[in-house]
Participant: 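Take this structure first; my questions come after.
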Amino acid sequence: MNTNKKRIAIMVGAGFVPGMNAVIKGAALAAGQLGWEVVGIRDGFEGLLHPKHYPEGGLLPLTPQLIENLDPSTGSVLGQSSRVDPFHVRQINADEMVEEVDQSDELLAKLKAEKIDALISVVGGQGLTILYKLHGKGLNAVCIPRAIEGDVAATLVSFGFNSALSFTIDMLDKARQAAQAARKIAVVEVLGAQAGWLALQAGIAAGADAVLIPEIPCDLQKVAARLKEKMTTRRSYGLVVVAEGAKLVDNAKAGTDKPSTLKASLSPLASGDNSSHVIQRSGHAAETVASRLQLLIAEETFPLVVGLWARGGNPTAVDRQLGLAYGAGAVQALNTGQNGVMVAFVPPAIKFVPLAEAINKVRTVPPDNEFLKTAQSLGICLGN
Amino acid sequence: MSNQSTTPSATTGIVLNIQRYCSHDGPGIRTNVFLKGCSLRCKWCGNPESIRVKPELSYDPKKCKGRECSLCLKDPFPKGAFYFTEGEEGPVKVNWDLTSGCDEALCSLCPTGALEMYGKTMTVDEVLAEVEKDASIYRSSGGGITLSGGECMLQPDFSAALLKGAHERGMNTAVETACNVPWANIEKVLPHVDTMLHDHKLTIPERHKKWTGVGNERILANFKKAYETFPNTEFIARTPLIPGVNADEEHIRAVLAFIRPHKNVIDYELLPYHRFGLGKYEYLGKVYELDDYKTPSDEVVKHLQAIIDEAFGRTGQRAPAAK
Ligand code: SF4
């Protein structure tokens, strides 16, 4: 074991996910075991770049006492920032004008001045690129993926996903009850701009009639036909799950057979196909599918949106464990001399993937996936 | 038009776009020159490509040839900036955070023009040569040049030289500005301006800061000083009307109270918000911040317009056009 005493920092990127405190706790406990000192940076990089905004200090020493009592169910103890990009920090200059400045050098200098040997960052897809750039400028960095949609490619299981999944299933159950009572078809939009993992798994668990995911362009005629089949006088309701990024095969443009994206996030990982992007507010996918379905079938539909609700709340038991494991894994990476890597959980192993290999990849549902096969054998329509 | 009395100028500025045959930003038929760089960050911005001062990459996936080309995945393009995802066909994808090394020369390597730079350094004479192409139309329609942006007052020397040159060529001149710049910039530009279109976005300073990034105290002081210092310039106030932000009577009345004492503020226009900028956000890989806002309803616009018409003492018809 490397016995060099280290002082390390941990920061949390933009976007909230259940289990953040478990990750922080895991890293701090594991580092404590090695006799290392751990400080947390408040609000992304804000605490370091703008300590003036924090009378109590921009860095939070993660002492054993604090860590011992860290509540896993609250939001991150370190807070969050809406944007975490030291290369484009928005500020108001002396002339009262808004501008973006590159503070990456300043950030690195401040980490050095604070005698931080390495930085653990809990970040999503874009954050991985930012940390890759900072690593390129000399930062000792280990990243923990924050991917509630389960879409970071190099890891198989992300913390937060299980909590979002459980919540989404809960909501789908409620939606089904509402549909049952109203004798209508509930069309529920769930997280998943690029990957359909949440929609697919939650849809299976909640017994949906159809699940529309970004990976499979959907023909609504087929969904309508399936609903017609299933809806009888005794079962006069339906449940359709739509991932935010679901694509429709546009029958209006028959012959071209090109899918149109319902919602496309403009994250660096989604410059998309057929360039048919429209950025739509949350809820648009459910509205579109609900209104189009209503035209194809003599039944009433109503749209519902789970959206951001699934990002908050308590982590499930699985996510607490995963969070702790990811945090401890990051410290293990540093202790074994790893640098510029992302911690990946590919059961049963924790792996370290170079950042250069982790960026620019999205983990989507492959055509031969077992969940897809399960859905098909359960009679769930995927619109293909 | 003769160039004999004009002053040649090699002053340069960063120009985003030159758009001919415009009719909304000043009298007659006009050419709008969009300058790059802005000192506000309005959440509803319809011109995201104009915000940053420096030229930046623009990518049109419709033009990309995809895997069969793959040129931008190789040297000298920045590593990781362009990529394909496994098993997926279609145009190349862009990791916008790795594209800062892209420039005009690099973009010119793309065989289809899918990669371009937003923003080009041009001299005053180059811009004016382009604008002068429609000289006869300006003469017959009373039109001319409108500097827009971004914020044209962020490049005050360039803007002043352009407008001066336009005046020397007999054109009408207009600027579209939010005036969030030091007074010194405005003072340089306004002597060459016939009509200044200026935005009253929000009235209350904290709300102005919330939606645009800065308070409006300095902006309002600049407006007032401009009205008073340049009595022969015509001013047209404007509000981009956004439900839930500023599409309410209180704001409209506050703007009217501010402008009406100044006789050279000849009109107040409402610009109902439309989601025009969305496509451009895609070209830049930026996330549109105001994605939950809607276009104001016709009734709201009519109601607010009626308040303005009443204040300007007209019933149903618009104020006389700017000269
Ligand atoms: S060089 Fe141009 S056409 Fe070729 S892959 Fe890149 S963007 Fe597409």
Side-chain angles (χ1 to χ4, degrees), chain A residues 14 82-83 85 87-88 90-100 102 104 125-134 136 153 194 215 258-259 261 263-284 355-364 366-367, chain B residues 37-42 51-53 59-64 66 79-100 114 151 154 180-182 185 209 212-215 217-219 275 278-279 281-294:
Chain A
S82 59
R83 53 180 85 228
D85 180 1
F87 295 90
H88 299 100
R90 189 173 289 181
Q91 65 171 34
I92 298 173
N93 66 18
D95 270 330
E96 275 290 296
M97 304 203 278
V98 192
E99 59 182 14
E100 275 83 24
D102 181 352
S104 57
Q126 187 185 13
L128 286 174
T129 298
I130 302 294
L131 267 296
Y132 166 71
K133 281 166 78 177
L134 287 170
Q194 308 179 72
E215 293 86 344
K258 277 186 181 165
T261 311
K263 172 173 171 156
S265 126
L266 285 184
S267 75
L269 297 174
S271 54
D273 46 36
N274 299 314
S275 64
S276 55
H277 277 308
V278 234
I279 313 163
Q280 293 295 359
R281 71 203 145 81
S282 159
H284 181 80
L355 284 176
E357 287 170 30
I359 60 168
N360 293 349
K361 287 183 188 125
V362 183
R363 184 175 155 264
T364 51
Chain B
C38 189
S39 57
L40 295 176
R41 294 293 180 272
C42 305
I51 291 177
R52 287 186 186 159
V53 179
Y59 166 56
D60 182 356
K62 287 191 204 89
K63 291 188 184 160
C64 172
K79 203 169 157 246
F82 304 91
Y83 65 98
F84 291 102
T85 34
E86 229 176 88
E88 228 183 28
E89 290 305 315
V92 79
K93 295 194 172 193
V94 182
N95 186 332
W96 295 93
D97 288 303
L98 298 175
T99 58
S100 55
E151 173 55 70
L154 279 182
N180 184 40
V181 293
N185 294 25
K209 186 168 166 64
T212 72
V214 292
E217 295 89 341
R218 191 253 303 261
I219 294 174
R275 295 160 70 90
L278 297 183
Y281 276 86
E282 177 187 353
Y283 290 167
L284 287 157
K286 285 181 184 158
V287 180
Y288 199 57
E289 293 191 49
L290 192 81
D291 59 356
D292 266 355
Y293 285 77
K294 303 207 167 109

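Labels below follow one simple rule: chain letters A, B, ... track the order of the sequence lines, proteins then strands, and each chain is numbered from 1.
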Participant: Find the one option among B:Gly37, B:Gly213, B:Ser100 whose heavy-atom pairs under 4.5 Å with chain A are most numerous.
Facilitator: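 Greatest number of close heavy-atom pairs with chain A: B:Gly213.
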
Participant: Does any backbone or side-chain atom of B:Lys209 lie under 4.5 Å from a heavy atom of chain A? Answer side chain, backbone, both or neither.
Facilitator: side chain

Participant: Does any heavy atom of chain A fall under 4.5 Å from the side chain of B:Val53, the backbone, both, or neither of them?
Facilitator: neither

Participant: Is it the backbone or the side chain of A:Phe87 that comes under 4.5 Å from a heavy atom of chain B, or both, or neither?
Facilitator: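 Nothing of A:Phe87, per the 4.5 Å heavy-atom cut-off to chain B.
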
Participant: Does the side chain of B:Leu98 come within less than 4.5 Å of A:Lys133's, by heavy atoms?
Facilitator: yes

Participant: How about B:Lys93 and B:Thr85: do any of their side-chain heavy atoms sit closer than 4.5 Å?
Facilitator: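 A side-chain contact under 4.5 Å exists here.
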
Participant: Is a donor on one side and an acceptor on the other found under 3.5 Å between the side chain of B:Arg41 and the backbone of B:Cys38?
Facilitator: yes

Participant: Is chain B contacted by the side chain of A:Asp85, its backbone, both, or neither, given a heavy-atom distance below 4.5 Å?
Facilitator: side chain

Participant: Sequence neighbours left out, what passes side-chain contact (heavy atoms from CB on, under 4.5 Å) with B:Cys64? Give chain and number order.
Facilitator: B:Tyr59, B:Pro91, B:Val92, B:Ala114

Participant: Run the side-chain contact (heavy atoms from CB on, under 4.5 Å) test against A:Pro366 and tell me which residues pass, sequence neighbours left out.
Facilitator: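 Per chain and number, A:Pro366 pairs via side-chain contact (heavy atoms from CB on, under 4.5 Å) with A:Trp197, A:Asp368, A:Asn369.
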
